[in-house]
Q: 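The structure under discussion is supplied below as structure tokens; questions concerning it will follow.
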Amino acid sequence: MSGFLDNLLNGLALGSVYALIALGFVTIFKASGVLSFAHGSLLLLGGYLVAVLHDDIGFAAALAVAVLATAAVAGALDRLVLQRVGTDPHAAHVQTIVTIGIDIVLVTDLSRRIGGDLLPLGDPWGAAVTDLGPVTVADSRIAAIVVSAVAIAGAFALFRFTPWGLSLRAAADDGEAAALMGVRLTRVRTVAWCLAGGLAALAAVFLVAFPAPGLERTTGQIALKAFPAAILGGMTSPVGALVGSMLIGLTEAFVAGYQSELHVLGEGFGDVAPYAVMVLVLLVRPAGLFAAKGAARV
């Protein structure tokens with residue numbers, strides 16, 4: 001029973017962090033129709049900034065600077081690079097390809113700076129653990145759940161109760177009609193990129209916290225594990241991103257926890273399990289679990 005509860009808590013923690021990343025994918029896609037492959041490099045940038053700043057200004061200040069700086073970089077990339085390609089729906093496919101180039105450039109530079117080192121982020125949880133009945137949980141896992149819940153709640157409040165959120169929903173439903181009604185689509189999508197960048201930087205802290213060894217140049221690739229979560233929920237559904245993230249996080253945790261029982265599937269099955277779940281769900285719901293009625297296949 002303790003093993004089950006341990007896997008459950010680990011899965012919830014992973015799902016919470018994946019939700020921060022998946023919510024970024026969905027927000028960008030709703031605002032612009034662009035599937036951002038630069039998300040992993042933005043995550044790596046946020047983690048790198050925390051790693052290099054925390055000794056000088058402290059962890060909390062370094063995290064705040066990293067979130068704001070990553071959000072600013074993400075917004076600048078959209079405004080100065082992607083929007084120059086074009087902002088009409090037909091340009092979204094080209095912009096998606098451009099994000100691959102952006103990712104290569106950012107990852108190359110950050111990998112050069114990180115090298116072969118493992119960079120600590122100086123988080124206050126360290127290797128501390130807490131006993132919750134029969135289960136011992138890393139404090140970093142508890143912090144991941146709590147902080148992610150607060151951040152996600154804040155993001156949903158933006159979607160629901162702010163003029164920008166209303167503009168985002170209008171642009172996602174019918175961009176041309178929204179523009180005719182006075183919605184500034186370029187501003188909506190730039191703010192969406194800023195929000196996604198900030199959430200990615202926040203996710204980086206918990207992805208490299210204990211029991212992970214620290215930030216390394218391949219950390220950004222973890223963002224790809226949140227990609228199936230966004231696809232599962234439907235690329236235009238924030239609620240779907242949350243549900244899909246929890247499903248992926250729990251799948252990964254339980255596959256890792258019961259690896260010995262699943263050895264017949266191969267030792268590396270845990271790495272591909274999220275994608276296997278994604279394929280199985282899409283066979284039944286091609287547009288995603290929470291896709292709007294009439295949505296196109298993912």
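Along the sequence shown, residues carry numbers from 1. Note that this is a predicted model, so its numbers are computed, not measured.
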Q: Could you pull out the closest heavy-atom pair between Leu185 and Ala171, with the gap in Å?
A: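 The answer is CD2-CB, 3.7 Å.
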
Q: If the condition is side-chain hydrogen bond (donor to acceptor under 3.5 Å, both in side chains), which residues does Thr218 pass it with, not counting sequence neighbours?
A: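 In terms of side-chain hydrogen bond (donor to acceptor under 3.5 Å, both in side chains), with neighbours along the sequence ignored, Thr218 is linked to no residue.
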
Q: Return the set of residues passing ring-ring contact (aromatic ring centres under 6.0 Å, His included) with Phe227 (not counting sequence neighbours), or none when no residue passes.
A: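 Scan of Phe227 (ring-ring contact (aromatic ring centres under 6.0 Å, His included), adjacent residues dropped) gives Phe25.
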
Q: Compare all side-chain heavy atoms of Leu215 with those of Val50 and state whether any distance is below 4.5 angstrom.
A: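 Side chain of Leu215 against side chain of Val50, heavy atoms only: no contact under 4.5 Å found.
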
Q: Would you say Val243 and Leu247 make side-chain contact, with heavy atoms under 4.5 Å?
A: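 Contact flag for Val243/Leu247 side chains = no.
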
Q: Check whether any side-chain heavy atom of Arg141 sits under 4.5 Å from a side-chain heavy atom of Ile145, and report yes or no.
A: no

Q: I'd like to check the salt bridge (charged side-chain N to carboxylate O under 4.0 Å, His left out) partners of Asp109; sequence neighbours left out, ordered by chain and number.
A: Arg112, Arg113

Q: Mind checking whether Val98 and Phe37 have side chains closer than 4.5 Å, heavy atoms only?
A: no

Q: Considering all heavy atoms of both residues, which atom of Thr70 and which atom of Gly197 are nearest to each other, and what is their separation?
A: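 Looks like CG2-O, 3.3 Å.
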
Q: Are Thr190 and Gln83 close enough that some pair of their side-chain heavy atoms sits under 4.5 Å apart?
A: yes

Q: Using side-chain heavy atoms (C-beta onward) and a distance below 4.5 Å, is Leu44 in contact with Ile114?
A: yes

Q: Is there a side-chain contact between Leu82 and Leu77 (heavy atoms, below 4.5 Å)?
A: no

Q: Is the shortest side-chain heavy-atom distance between Phe159 and Thr27 below 4.5 Å?
A: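 Yes, at least one pair of side-chain atoms sits under 4.5 Å.
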
Q: When you measure from the side chain of Asn10 to the backbone N and O of Asp6, does any donor-acceptor pair fall under 3.5 Å?
A: yes

Q: For Gly46 and Ala66, which heavy atoms make the closest approach, and how far apart are they?
A: O-CB, 3.5 Å

Q: Donor-acceptor check, side chain of Trp193 to backbone of Ile28, threshold 3.5 angstrom: yes or no?
A: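 Not at all, since once roles are kept as given, no pair shorter than 3.5 Å links the two residues.
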
